[in-house]
2 protein chains.
Amino acid sequence: MSKSKIAVLVIEDEAPIRRFLKMTLTSQGYDFSEAVSGQEGMLKVASEKPDIIILDLGLPDMDGLEVTKQLREWTPTPIIVLSARGQEKDKVEALDAGADDYLTKPFGVAELMARARVALRRTMTSSNGETQSVFKFGDVEVDFVKRQVTKAGKELHLTPIEYKLLATLIKYADRVVTHNHLLREAWGSEYSGETHYLRVYMAQLRRKLEKNPAQPKYLITEPGVGYRLKVSQ
Amino acid sequence: MSKSKIAVLVIEDEAPIRRFLKMTLTSQGYDFSEAVSGQEGMLKVASEKPDIIILDLGLPDMDGLEVTKQLREWTPTPIIVLSARGQEKDKVEALDAGADDYLTKPFGVAELMARARVALRRTMTSSNGETQSVFKFGDVEVDFVKRQVTKAGKELHLTPIEYKLLATLIKYADRVVTHNHLLREAWGSEYSGETHYLRVYMAQLRRKLEKNPAQPKYLITEPGVGYRLKVSQ
DNA sequence: CCGAGTCTTTACGGAATCTTTATGCACAAC
DNA sequence: GTTGTGCATAAAGATTCCGTAAAGACTCGG
């Protein structure tokens, strides 16, 4: 399963709240990351590309509103704001600055989780991912949203392993992917060394995707190393 | 269609609040529309296709949670929930049912407006296509407002689970929906892994909807992955 | 309390997929 | 020329997954 975890970045200076959120989020299966200041937070948003940001407005180094505005200049990642101040004016300012939600401390963790799910629901279902949803080479098209492959417009059926294998090669298009790497991604880490499976499945993929399977144009063998999906030129 | 104004639908039984919202919204340049019951509200969502819905949970004729869930079966239009109950449990339930935000009465109108702007900001930027309240494939028609299914004009009875299953497949039309995803949406998260339920119910749906259930044209199996409602081509 | 409708559970034949085995080819090393 | 290694391909065997029918359990209104 190549389903990576959902990554949450918590920008919060108070250690107890950070610890608390870390416990809750990790126990619910999220990938947790933290920053203790606005500066560090913005850097981590850029470097780690979290799926959602939980931001305390009362940071020591800079105004939380300013953090929100600056983030919104370049990223649409959902931001849930936490604040000790419950005045309506504060809420309106933060929401208009680009925050997606606003919770007043002390907040209930169940509500925070529910509101995080709301924010994530949007970004997940809307098809505007940073990864292109359709990949093409030759007359083959791979639609990752539909999980469907077509060749010359005609639908093509791939088995789960064939699909994962192809998806991995596309992920590293034009680069060589080693035998073990492919085995790990398509089968699982415990299959390292079973390079024979690869030969069988690469042959199947070629039969389905290549015009002349014996002289592949796209699914290239790199002897002794692995395979490569050739798309350039 | 050249819709200049943003249309807001308010579903609320208390006249004073309705009047108040009408004043505020029209003065801010929104197109205002209202419904006094859940039934009327759902009909107006289908007929008027508002850009955003403000929904009071405490309606006389039906549970607001149920309204939210039924709307979410076919439309992604933002829903902001108003409620007199401020318990965390109520908020979580409403948000997980599909609401985009939850305000406890008495609420500040500035905050409501700000939260409406947040919800609108998201849908306006992402190119969300219009959703229809009636979905068709082959000679089958599904009316999400009446909750009624017809085949070749003849009314067809589906059990609650059959209906939810079909509604979920329609929501992700042409996309592969995994076993667990279907189980979560139609049965609930605690049913993950009970894939044999799906086999039983997919067979029932095929018997009712397909001309030749043994060779389905629309309800397609994706072995080892899930199912897909095929409507294109 | 009963019965209709619905959900849950079970069983099994068959289909699809994964795994294993076998054979042949190309090429390099010796 | 022989040998060995890595690869391609086909096909058989093993396993998992799916479709179907039917029976048992549950729910709810009357």
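Here the structure is a predicted model, which means the values were calculated and not measured. Throughout, a chain's letter reflects where its sequence line sits, starting with A, and its residues are numbered from 1.
- Comparing the end axes of the helix from C/dC1-D/dG30 to C/dC30-D/dG1, each fitted to five base pairs by superposing C1' atoms of four pairs onto the next four, gives an inter-axis angle of 30° (nearest 10 degrees).
- A donor-acceptor contact shorter than 3.5 Å is absent between the side chain of A/K151 and the backbone of A/V140.
- With B/V142 as the partner, the side chain to side chain contact (heavy atoms under 4.5 Å, CB included) test is satisfied by one option alone out of B/V149, B/L209, B/L156: B/V149.
- Distances from the side chain of A/A214 to the nucleotides D/dT9, C/dT8, D/dG19 place D/dT9 closest.
- Between B/G138 and B/Y218 the shortest heavy-atom distance is CA-OH, 3.1 Å.
- In this entry the distance linking CD of B/Q215 with P of D/dT20 reads 10 Å, nearest Å.
- Using a cutoff of 4.0 Å between basic side-chain nitrogens and carboxylate oxygens, A/D139 and A/K211 are not scored as salt-bridged.
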Let me check something: any side-chain donor-acceptor pairs from residues 200-207 of chain B under 3.5 Å, sequence neighbours excluded? List them with distances.
| unit_1 | atom_1 | unit_2 | atom_2 | d |
| --- | --- | --- | --- | --- |
| B/R206 | NE | B/L219 | O | 3.0 |
| B/R206 | NH2 | B/L219 | O | 2.7 |
| B/R206 | NH2 | B/T221 | OG1 | 2.7 |

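- Under 4.0 angstrom from either OP1 or OP2 of C/dT8 there lies at least one side-chain N or O belonging to B/Y191.
- The existence of a salt bridge linking A/R184 and A/E190 is excluded, since no basic side-chain nitrogen approaches an acidic carboxylate oxygen closer than 4.0 Å.
- Within a heavy-atom distance below 4.0 Å of DNA chain D, the residues of residues 220-228 of chain B found are B/T221, B/P223, B/G224, B/Y227.
- Between the P atom of C/dT10 and the CG atom of B/L198 lies a distance of 17 Å, rounded to the nearest Å.
- Taking atom CD of residue A/Q204 and atom P of nucleotide C/dT19, one finds them 11 Å apart after rounding to whole Å.
- Between B/K230 and B/D174, none of the side-chain N atoms (NZ, or NE/NH1/NH2) sits under 4.0 Å from a carboxylate O, so this pair counts as no salt bridge.
- Contact annotation: A/R207 does not reach the phosphate of D/dA8 (side-chain N/O to OP1 or OP2, under 4.0 Å).
- Look at CG on A/L165: it is 11 Å from P on C/dC18, rounded to the nearest Å.
- Closest to the side chain of B/R199, from the set D/dA8, D/dT20, C/dT6, is D/dT20.
- Under the rule for a side-chain contact (heavy atoms from CB on, under 4.5 Å), the partners of B/K69 that lie at least two apart in sequence or sit in another chain are B/E66, B/A97.
- In this structure, the OH atom of B/Y163 is 18 Å from the C1' atom of C/dT6, given to the nearest Å.
- B/H181 pairs with exactly one of B/W187, B/Y191, B/Y172, B/Y227 by the ring-ring contact (aromatic ring centres under 6.0 Å, His included) rule, that one being B/Y172.
- Taking the side chain of A/P160 as heavy atoms from C-beta on, and the options C/dT8, D/dT20, C/dC18, the nearest nucleotide is C/dC18.
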Inset, instruction - Spell out protein contact along nucleotides 20-30 of chain C as letters: B when the base is contacted, S when just the sugar-phosphate is, - when no protein heavy atom is under 4.0 Å; keep the 5' to 3' order. - result: BBB--------

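- Counting to the nearest Å, the C1' atom of C/dT6 and the NZ atom of B/K164 are 13 Å from each other.
- Exactly one of A/L9, A/I52, A/V45, A/I53 qualifies for a side chain to side chain contact (heavy atoms under 4.5 Å, CB included) with A/I79. That residue is A/I53.
- Note: CG (B/L205) to P (C/dC7) measures 11 Å, nearest angstrom.
- Residue A/T195 places no side-chain N or O under 4.0 Å from the OP1 or OP2 atom of D/dC7.
- By the 4.0 Å N-to-carboxylate-O rule, B/E14 lies too far from B/R18 to be salt-bridged with it.
- Atom CG of A/L183 and atom P of C/dC18 are 14 Å apart (whole Å).
- For A/W187 and C/dT19, the shortest distance from a side-chain N or O to OP1 or OP2 is below 4.0 Å.
- Taking each heavy atom of A/V109 and B/E88 in turn, the nearest pair found is N-OE2, 3.4 Å.
- Salt bridge B/K171/B/E185: present, at least one basic N to carboxylate O contact under 4.0 Å.
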Under 3.5 Å, N/O pairs linking protein and nucleotides 25-30 of chain D:
none

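- Comment: A/K208 engages A/E162 in a salt bridge, judged by a side-chain N to carboxylate O separation of less than 4.0 angstrom.
- A close approach under 4.0 Å does not occur between any side-chain nitrogen or oxygen of B/H157 and OP1 or OP2 of C/dG5.
- When distances run from any side-chain atom of B/H179 to the nucleotides C/dC18, D/dC7, D/dC18, the shortest one goes to D/dC18.
- Backbone-only contact: A/I161 has heavy atoms under 4.0 Å from sugar-phosphate atoms and none from a base.
- At a cut-off of 3.5 Å, with distance as the only test, no side-chain donor of A/E155 or A/T150 sits close to an acceptor on the other residue.
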